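One structure is given below, encoded as structure tokens.
Heavy-atom basis, side chains included; hydrogens, waters and symmetry copies ignored. What you see is a predicted model, and the numbers here were worked out from it, not measured in a lab. Atoms within a ligand are numbered from 1 in the order they appear, just like the ligands themselves.
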Amino acid sequence: MTAPLVSTLEHPLIARSLAILRDAATDSATFRAHLRLIARLMTVAVTQSVPTRVIKVNTPLEETDGCELPHPIVVAPILRAGLGMAEGVLEMIPDAQVAHLGLYRDEKTLEPKVYYQNFPSDFTDSEILLIDPMLATGGSSIAAASLLKAKGAKSIRFLNLVSCPPGIEAFHKAHPDIPIITAAIDPGLNEQAYIVPGLGDAGDRYFGTV
Ligand code: PRP
Ligand code: URA
């Protein structure tokens with residue numbers, strides 16, 4: 001059976017944190033705390049299907065079977081807002097490598113502009129978690145996934161917080177091999193291509209630059 005292209009995570013703790021993030025009255029400190037918290041909760045689901053290998057472990061009493069992850073995990077946040085979620089993911093996978101992808105959306109054209117890339121030297125064998133809380137038009141995440149693939153990435157999962165049908169459609173048209181794990185599929189976009197109801201500008205709210 002093939003994995004679904006979009007999984008929406010439904011859990012009371014995720015739903016509660018998402019409501020706090022959506023609330024325009026939430027301050028930056030609380031926004032940061034809940035974005036990290038929701039990322040920790042979602043990490044369990046997004047890594048559910050990463051390959052594992054059986055190893056032998058010696059307990060103080062006897063040998064038993066244990067588990068290890070044979071492929072390195074690479075956390076690939078799209079700057080800036082992805083950094084906030086990446087903090088939570090790294091709390092769950094402290095030995096993960098980080099691939100930074102600096103992109104911003106041009107406010108007029110909505111085209112993604114790449115301004116920074118810093119990747120591990122070789123991640124062809126890695127399990128990559130592409131991270132961006134917002135999937136609006138899909139321009140940023142499509143470009144980010146293409147950059148990762150151009151450097152040899154073969155196995156990518158997209159960890160997202162709020163998506164919408166046009167973004168999902170565009171992303172899967174460009175990258176049908178990458179599953180999206182999200183907490184919400186909102187109805188659509190407004191005239192400025194902001195997700196509605198959404199949560200506003202995730203980067204500005206996380207970094208207090210509103
Ligand atoms: C936001 C968000 C996504 C992108 C989503 O970034 O964090 O990366 O927009 O929109 P798209 O799907 O239409 O591309 P933004 O450009 O605001 O940069 P910032 O995180 O640095 O504020
Ligand atoms: N970027 C955001 O931060 N929020 C949106 O709703 C759309 C793009």
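- The protein heavy-atom contact nearest to atom 14 (O) of ligand 1 is Ser140 OG, 2.6 Å.
- Contact annotation: for Ala81 versus ligand 1, heavy atoms closer than 4.0 Å belong to both the backbone and the side chain.
- Close contacts between ligand 1 and Gly138 involve ligand atoms 11 (P), 12 (O), 13 (O) [criterion: under 4.0 Å to a heavy atom].
- In this structure, Pro112 has no heavy atom closer than 4.0 Å to ligand 1.
- Closest protein heavy atom to atom 21 (O) of ligand 1: Arg80 NE, 2.9 Å.
- Every atom of ligand 1 with a heavy atom of Gly139 under 4.0 Å away is listed here by number and element: 12 (O), 14 (O).
- Given atom 15 (P) of ligand 1, the protein heavy atom at minimum distance is Arg105 N, 4.2 Å.
- Within 4.0 Å of ligand 2, counting heavy atoms only, the contacting residues are Arg105, Met134, Ala136, Ala193, Tyr194, Ile195, Gly200, Asp201, Ala202.
- A side-chain donor-acceptor contact under 3.5 Å links Arg80 and Thr209.
- Where the criterion is an N or O separation shorter than 3.5 Å, residue side chain and backbone included, Met134 fails it with respect to ligand 1.
- When heavy-atom distances to ligand 1 are checked against a 4.0 Å cut-off, Asp201 comes that close only through its side chain, counted from C-beta outward.
- Taking only nitrogen or oxygen atoms, main chain and side chain alike, Ala193 does not reach within less than 3.5 Å of ligand 1.
- The closest protein non-hydrogen atom to atom 2 (C) of ligand 1 is Asp132 OD1, 3.7 Å.
- Looking at ligand 1, you'll find an N or O of Thr137 within less than 3.5 Å of one of its N or O atoms.
- Atom OG1 of residue Thr30 and atom CG of residue Leu35 lie 12.5 Å apart, to the nearest 0.5 angstrom.
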